[in-house]
Every structure is written in C-alpha cells, then in structure tokens.
S.K.: 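Would you mind keeping the following structure in view while I ask a few things?
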Amino acid sequence: KQAKMIIDKDFVIAPVDKRIYGSFIEHLGRAVYDGIYQPNHPLANSDGFRSDVTEMVKELDVPIIRYPGGNFVSNFFWEDSVGPVDERPARLDLAWRSMEKNEVGVNEFTKWAKEANSEVMMAVNLGTRGVADACNLLEYCNFDKGTKYSNMRIAHGVSDPHNIKVWCLGNEMDGPWQLGQKTMEEYGRLAYETAKAMKLIDPTIELVSCGSSAQDMPTFPKWESTTLEHTYDFVDYVSLHQYYGNRDEDSNDYLAQSNDMDDFIKTVIATCDYVKAKKRSKKTLNLSFDEWNVWFHSNAADDDITENHPWQVAPPMLEDIYTFEDALLVGLMLITLLRNADRVKMACLAQLVNVIAPIMTEAGGGIGWKQTIFYPFMQASKYGRGVVLNPLIKSPMHGTKKHDEITDIESVVVYNEELEEATIFVVNRNLSEDISLATDIRGLEGYRLLEHTVLHHENLKETNGPGRESVKPVAVDNSKVDSGILHSEIKHASWNVIRLG
Ligand code: AHR
C-alpha cells in the first residue's frame, strides 16, 4: 500500500502553545501519596517528594499541571491543606470515597511543580462552595501581602505569591457524579459571578469555563452554548474532557476514536463561535482540552474499592496498565490536538502518576517505571515545539465497524524555526498492512534525515512493567531522502517520529 504527503513551511496551522503538553495530578488514588510524594522512600527529597518520579516528569517536559482535581475539587476545602501539617485535619474525600490526610496541599504542590519545571493550573471548588472561597484561594495564592489571606500565606512560610496564572472554574459540573452538580443555567450564573470577582482580584489570570464532561453527555453542546452565554466575556477558554477505551475488543474501531476527538473539538469550536456571533463579540474563545487519555482497564476494580472498601488512604485506584495499542491511540490523540493547535491552546494528559498515568510507582515503595503511553507523549512534547504545519495527505483507507472508512495514515508536522528542524509524527492505524509513504519535502530545501524512530510491537496487548520496557521507540533505517522526496516504510500498527534538519 502507498500513501503520499506534501510538507511546506508555508502551510502553517498555528504556533504550538507549549501548554498543549500539560498534565494533571489529582488527590486520587496513589497520584500524590505513594506517587509524587513518599517521604519514607529512599529517593525522597527533604520535602518528601520522590526525585526519581520528578525526573520522569521532567523527561516528559510538562509545562503545566492541573491540580487538585478533577472530581476531588468539587468538595475540596483548600484551607485544610495549608498551615502546619500536624494541625491539618483528615477529611472524607466524597468523590472517590477515600481518606484525604492533607499532608500535601496548595503550597507543597506548587513548590514541587516548580521543581518539575511546571506551572500549576488551579481548579476551584464550584460544587459545594462558591464565589467567596474561590476568591479567598486566589487572594491566598496571588496577592502580594497585607490582606487576610495573603498574610496567612506568608505566616505559612511562603513569602512570595505563587502567581498562578490559569484557573479552572469548577470541574465537570454537568456530571451526575459531580458533588454539587449544576444545571447549565446554575453553572453559567455561578461561573460568571466567580470569574467577575476573581478578575477584580487579579486581572492577569486566565480562566477556564467548564465544558461538557464528554462528547456523549446528553446536554452536549447545549451546555457549552448556554454556559458560555453567561461566561463568554470573562473567560479565556472552555474545557473539554474525553477518555476512550477498547471495551468491545475491536482494535480497528478503537483506533478510529481519534476521529471522534476531532469531531468533538470542531463542534466545541463551532459552539464558541456561535456564542461569539450571538454576542457580536470581537473575542475568540480558545479550548483547554484539560482531561484526555485512555481509561477503561481499571473500571471494575475501582467500583469495587469505592463500593466495598471505602475510606482508605491512597487506595490503588484508576491504575490502568496500558497496552501497546493504547499508546497508538495516545499518539493519534496527540496528532489530533496538534492539528487543532489554532484553537486548542492547553491540554492535560489525565493523569501523570499512578492514576491513568504514563508514570507508575510500585506499591509499597518500590521502583518507578514508564508505561507504554509515556513514549508518544514524551516524543511529542520534546519534538513537537514550534509551528504546526498541515501536511497534505493522500492515504489509503480501511473499514471499521462504527466509524465507516478511515485513513490508514494520520500525521502532523511541527516545524521548529529556531532549531531548523521539522518533525513528522505518523501513525499507521492499519493493523496488518505496512505502507510506503512518499513525502514531498521540497518545501524544506536542504533538510536531511536526522532520525526515524518507531514504536511498534506485534502484540497489540503488550504492556510494560517495573524494570521491563517491551514497548519503547527504537531508531530504524526505514526512511531515506531522494531528490526532494522522503521515502518511508511505515509499519502496520506503528507510531513514527521522523526528524529532518
Ligand atoms: O481523571 C479522572 C476523573 O475523570 C476526574 O477526576 C474527573 O474530572 C473525570 O471524570
């Protein structure tokens, strides 16, 4: 089978906002306790954070991390998480029916994020709390000094404000599982009033209005149009969340779901622009895809914990062990995000450590390890900085059960002017046939092949584990440039990174 592609430096979609490579840490399962933080671990630093985990986070180069939830935030009382640790109360986390010890809170997490070269995207509780508490947290975090909450922060040993720039106005407020779920009118009003007040405290912050929890929510996209009619003038982004799973054991159809993600993004863009037109506004709203990943392997085990074994400290929840095919879908989702970089300015791989995560730690304080999905994310974050180019692709197609005909080849190109490099990300989602890809690179005159790496395994269900990396990219000799054409052999079921410079 053969495919063709044309790349040109002038076919620009948009510059990549590096925050598209964000991630997420929630007080959930072993993400914080026994994940990033484990004071009795031999590799813990003086603050109790594991240096091996921080190093892996740095390898992913995650510029922004959403915190502290997720569903957790909708009953989070931030005051319980600050001040002398031994005076902090244990609280019932109703979202995950776990015990929250509050040993790590706003100040500890913000300090850790800095060490991991990351900024914090802070979410406020608009489930069981409201305008005043969101304002108090913002004053605590961002106001210099001389007020009740800024002085409280200083008394807690943090003299400089955290200057947190991005704030999420609640989490998945449309979901029946959410504590303090709202109707669209209720949420729209509350988010508008909260945004208005927060911007009075700190006009430099950026705010995210809560969108639908998933594309198949019954209120999508009316939720977006109604809530944005309230919040449009005061917010900078609307959020999207989406998780996929191979529940039907149909890998062919599973890998078609990045097309659904693309439809979801396009519909949210259309809805934002509808509200823009209705308001006769000059402002264009951007998208924050602040929860995305594969999530389904652990569902039954999690239900058992929440129903039958509640109130544990850091129970092993949402510990999906990812397969090779999950890594392919993650790669396809990254390509989809990049292809929409003109409107998707932030995105968070949900999540980062132990909970539906690229990075795992062994239970009981063992070693850290990298899941299959670590690698496409790491390579996109490392090489996908610059401007996104739209490759013109002519790909063979194949049939799927629920998605009709889809392309075999999915691709996007990122051009880094500073480094004078162009990186082509390619997935062949045909599960049995290799493809010869001829890419016209005459628009990149003088560029030579630097490297072609492939993530591939003959077993779609192959996983990694502690000290065992069966699924990781390897350099291959499958590309060559001849008279302005890059000829690449793209293996069936593979994620490819082809670098030119
Ligand atoms: O990321 C896990 C959960 O998924 C989050 O807490 C919630 O926002 C979403 O439903």
Side-chain angles (χ1 to χ4, degrees), residues 22-33 35-36 62 64-76 92-98 100 109 121-128 166-182 187 191 208-220 223 227 237-245 247 261 264 288-303 305-306 314-322 326 329-330 333 346-360 371 373 377:
S23 190
F24 179 24
I25 288 277
E26 176 165 3
H27 280 254
L28 192 190
R30 301 191 305 121
V32 176
Y33 310 108
I36 57 172
V62 176
I64 193 161
I65 304 178
R66 189 161 172 258
Y67 178 83
N71 298 337
F72 172 82
V73 81
S74 291
N75 195 36
F76 176 52
L92 297 180
D93 161 17
L94 301 184
W96 303 104
R97 301 193 77 213
S98 305
E100 173 52 54
F109 183 79
M121 175 192 285
M122 185 70 84
V124 298
N125 174 359
L126 292 190
T128 58
V166 182
W167 294 75
C168 303
L169 297 167
N171 177 71
E172 297 188 347
M173 300 306 310
D174 59 333
W177 59 86
Q178 202 65 218
L179 287 147
Q181 182 197 4
K182 306 275 183 284
Y187 175 72
V208 185
S209 194
C210 198
S212 296
S213 307
Q215 191 177 12
D216 63 0
M217 291 301 286
T219 46
F220 175 73
W223 172 275
T227 59
Y237 308 91
V238 62
S239 71
L240 295 84
H241 290 183
Q242 187 69 53
Y243 297 96
Y244 295 116
R247 293 196 169 80
M261 186 191 206
F264 187 21
S288 171
F289 211 125
D290 49 42
E291 286 189 35
W292 69 271
N293 202 349
V294 170
W295 175 18
F296 74 110
H297 297 284
S298 63
N299 291 169
D302 298 333
D303 291 347
I305 291 180
T306 48
M317 291 184 72
L318 280 67
E319 299 204 4
D320 275 37
I321 301 302
Y322 289 117
D326 296 333
L329 186 62
V330 163
M333 292 170 92
M346 299 192 290
C348 302
L349 174 70
Q351 299 192 12
L352 187 55
V353 179
N354 285 336
V355 169
I356 40 174
I359 298 168
M360 300 296 288
Q371 294 239 44
I373 64 166
F377 187 89

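Counting starts at 1 for both ligands and their atoms, in listed order.
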S.K.: Considering only heavy atoms of Glu26, which atoms of ligand 1 have at least one such atom less than 4.0 Å away?
M.R.: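 Answer, ordered by atom number: 5 (C), 6 (O).
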S.K.: So is Phe72 in contact with ligand 1, going by heavy-atom distances below 4.0 Å?
M.R.: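 The answer is no: ligand 1 sits nowhere under 4.0 Å from a heavy atom of Phe72.
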S.K.: What residue and atom, counting heavy atoms only, is the protein's closest point to atom 10 (O) of ligand 1, and at what distance?
M.R.: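 It is Glu172 OE1, 2.7 Å.
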S.K.: Mind telling me whether Phe76 and His27 have parallel, tilted or perpendicular rings, with 30° and 60° as the class edges?
M.R.: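 The rings of His27 and Phe76 lie parallel, inter-plane angle below 30°.
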S.K.: Sort out for me which residue in Val73, Ile25, Asn171 forms a side chain to side chain contact (heavy atoms under 4.5 Å, CB included) with Pro68.
M.R.: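 Passing option: Val73.
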S.K.: Quick check on contacts: which atoms of ligand 1 are under 4.0 angstrom from a heavy atom of Phe24?
M.R.: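 Atoms satisfying the 4.0 Å criterion: 1 (O).
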S.K.: So, Ser213 versus Asp174: side-chain donor-acceptor pair below 3.5 Å or not?
M.R.: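 Result is yes, a qualifying pair exists.
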S.K.: Using a strict 4.0 Å cut-off to heavy atoms of Ile356, name the atoms of ligand 1 that fall inside it.
M.R.: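 Every atom of ligand 1 under 4.0 Å from some heavy atom of Ile356: 1 (O).
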S.K.: Considering only the protein, which heavy-atom contact is closest to atom 8 (O) of ligand 1, and what is its distance?
M.R.: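 Here the closest protein heavy atom is Glu291 OE2, 2.7 Å.
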S.K.: Any idea which protein heavy atom is nearest atom 2 (C) of ligand 1, and the distance to it?
M.R.: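 The closest one turns out to be Gln351 NE2, 3.5 Å.
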S.K.: Give the contacting part of Asn171 toward ligand 1: side chain, backbone, both or neither, where contact means a heavy-atom distance below 4.0 Å.
M.R.: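 The part of Asn171 near ligand 1 is the side chain, not the backbone.
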S.K.: Give a yes or no on whether the backbone of Gln351 and the side-chain of Glu26 come within a donor-acceptor separation of less than 3.5 Å.
M.R.: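 Checked: no pair found.
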S.K.: Taking all heavy atoms of Leu352 and all of Ser23, pick out the closest pair and write down the distance.
M.R.: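 That would be CB-OG, 3.4 Å.
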S.K.: Which residue, Ile356, Asn354, Ile305, forms the side chain to side chain contact (heavy atoms under 4.5 Å, CB included) with Met317?
M.R.: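 Among the candidates, only Ile305 passes.
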S.K.: If you have a sec, work out which protein heavy atom is nearest atom 7 (C) of ligand 1 and how many Å separate them, to one decimal?
M.R.: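 Answer for atom 7 (C) of ligand 1: Asn71 OD1, 3.2 Å.
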S.K.: For Asn293, is the nearest heavy atom under 4.0 Å from an atom of ligand 1?
M.R.: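 No.
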S.K.: Is it the case that Gln178 and Asn71 place a side-chain donor and acceptor less than 3.5 Å from each other?
M.R.: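 The criterion, which ignores hydrogens and geometry beyond distance, is satisfied for Asn71 and Gln178.
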S.K.: Assess, by modelled atom type and distance only, whether the side chains of Asn75 and Asn125 contain a donor and an acceptor separated by less than 3.5 Å.
M.R.: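 Looking only at side-chain atoms, Asn125 and Asn75 do not form any donor-acceptor pair under 3.5 Å.
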S.K.: Below 4.0 angstrom from a heavy atom of Tyr243, which ligand 1 atoms are there? Numbered from 1 as shown, please.
M.R.: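 Going through ligand 1 atom by atom, the ones under 4.0 Å from Tyr243 are 1 (O), 2 (C), 4 (O).
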S.K.: For Trp96, which part has a heavy atom under 4.0 Å from ligand 1: side chain, backbone, both, or neither?
M.R.: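 The part of Trp96 near ligand 1 is the side chain, not the backbone.
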